[in-house]
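Labels below follow one simple rule: chain letters A, B, ... track the order of the sequence lines, proteins then strands, and each chain is numbered from 1.
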Amino acid sequence: MVLPRSFYNRPAEQVASDLLGKLVVHRIANKTLAGRIVECEAYLGGDDQAAHSYAGLTPRTKVIFGPPGHAYVYFIYGVHHCLNLVAQPAGTPGCVLVRALEPIEGLDEMRRRRPKAKRDLDLASGPGKLTQALGITLDYYGADVTKGRLTVRDGNPEAFDIVTSTRIGITRSVDLPLRFHIADNEHVSVR
DNA sequence: CCGCGGATCTTCT
DNA sequence: GAAGATCCGCGGA
């Protein structure tokens, strides 16, 4: 079942924690590419200086200030795309960076899209890797993930432990405990 | 195994 | 101008 918009209409850290175990599903070129979210990070409004929305409402960040349940995709270091899911009600910035997926469906196609991945563990174990593996680009900036080709769905209901830690790769607001990942999962980007 | 730097686009100072 | 929510290949230990 596709997650409803109400799922995202909550504080970003709550959405981030609850996104663990859910599936990111992309239908492209008659194929279905799907991965289980094993790691993500919340980016907040207010005092969170690491959040892109901290710069205010700009053409790039406007989707973060918009209604929940949409994709915020951006291009970084001239090389990589990163996928975020917008949380919290319209007018209140907040989003969740999807940092790592465990490949579930369409492995052959993912391998084709990530020729540099030596092992399946390298297919989607990082924010730039997973967008390449699933074929997610700026075309999905602002896309509604409650319908269409890119969606987020319920996963296997098996239980797992959640580990909370500080976020990775940022230089400001580094001490906030806003990174969440599934315990003992091999596909997490940094262990 | 570890550390360094290149890639080369977008946004902001 | 410079830095950035990254990844990969190279060289050295």
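Counting to the nearest Å, the C1' atom of B:dT11 and the CZ atom of A:R60 are 6 Å from each other. Rounded to a whole Å, the NE2 atom of A:H81 is 13 Å from the P atom of B:dT11. When the C1' atom of B:dC9 is taken as reference, atom NE2 of A:H52 falls 13 Å away, rounded to whole Å.
Within residues 66-79 of chain A, the residues that place at least one heavy atom under 4.0 Å from DNA chain C are, in residue-number order, A:Y74, A:I76, A:Y77. Heavy-atom distances under 4.0 Å link DNA chain C to A:G169, A:I170, A:T171 of residues 165-191 of chain A, given in residue order.
Mapping A:H80 and A:L138 onto DNA chain B via the closest heavy atom, the residue that lands nearer the 5' end is A:H80.
Close approach of DNA chain C to chain A, defined as any atom under 4.0 Å from a non-hydrogen atom of the protein, starts and stops at C:dG4 to C:dG9.
Atoms NE2 and CZ, from A:H187 and A:R99 in turn, are 16.0 Å apart once rounded to the nearest 0.5 Å. The structure places CG of A:L138 at 10.0 Å from OG1 of A:T131, a figure rounded to the nearest 0.5 Å. For the atom pair CG (A:L97) and CD (A:E39), the distance works out to 8.5 Å, reported to the nearest 0.5 Å. Atom CD1 of A:I37 is separated from atom CG of A:L83 by 8.0 Å, given to the nearest 0.5 angstrom.
Screening residues 3-20 of chain A for salt bridge (charged side-chain N to carboxylate O under 4.0 Å, His left out), with sequence neighbours left out, gives A:R5-A:D144, A:R10-A:D18.
Between A:H52 and A:Y72, the ring planes are perpendicular. Angles over 60° get that label, and only those under 30° would be called parallel.
Taking the centre of each ring, A:H81 and A:Y140 stay at or above the 6.0 Å mark.
Side-chain N/O atoms of A:T58 and A:R60 include no donor and acceptor closer than 3.5 Å.
Checking side-chain atoms of A:Q132 against main-chain N and O of A:R113 turns up a donor-acceptor pair under 3.5 Å.
With the 3.5 Å cutoff on both pairing distances, Watson-Crick and G-U pairs in DNA chain B assemble into runs of at least 3 at B:1-7 with C:6-12, B:9-12 with C:1-4.
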Original post:
Would A:V145 and A:Y8 count as a side chain to side chain contact (heavy atoms under 4.5 Å, CB included) if you check the C-alpha gap in whole Å, the side-chain angles of each, and the deciding distance to 0.1 Å?
Top reply: CA-CA 10 Å; A:V145 296; A:Y8 304 94; 3.7 Å; yes
**OP:** Output, in order, the C-alpha distance, side-chain angles, deciding distance and verdict of salt bridge (charged side-chain N to carboxylate O under 4.0 Å, His left out) for A:D139 and A:R149.
**Re:** CA-CA 11 Å; A:D139 290 345; A:R149 310 184 73 80; over 6 Å; no
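By the salt bridge (charged side-chain N to carboxylate O under 4.0 Å, His left out) test, A:R191 is found to be paired with no residue, residues two or more places apart in sequence or in another chain being considered.
Side-chain nitrogen and oxygen atoms of A:T58 include none within less than 4.0 Å of the OP1 or OP2 phosphate oxygen of B:dT11.
Each of A:L101, A:L20, A:L23 was scored for a side-chain contact (heavy atoms from CB on, under 4.5 Å) with A:R36, with one residue passing: A:L23.
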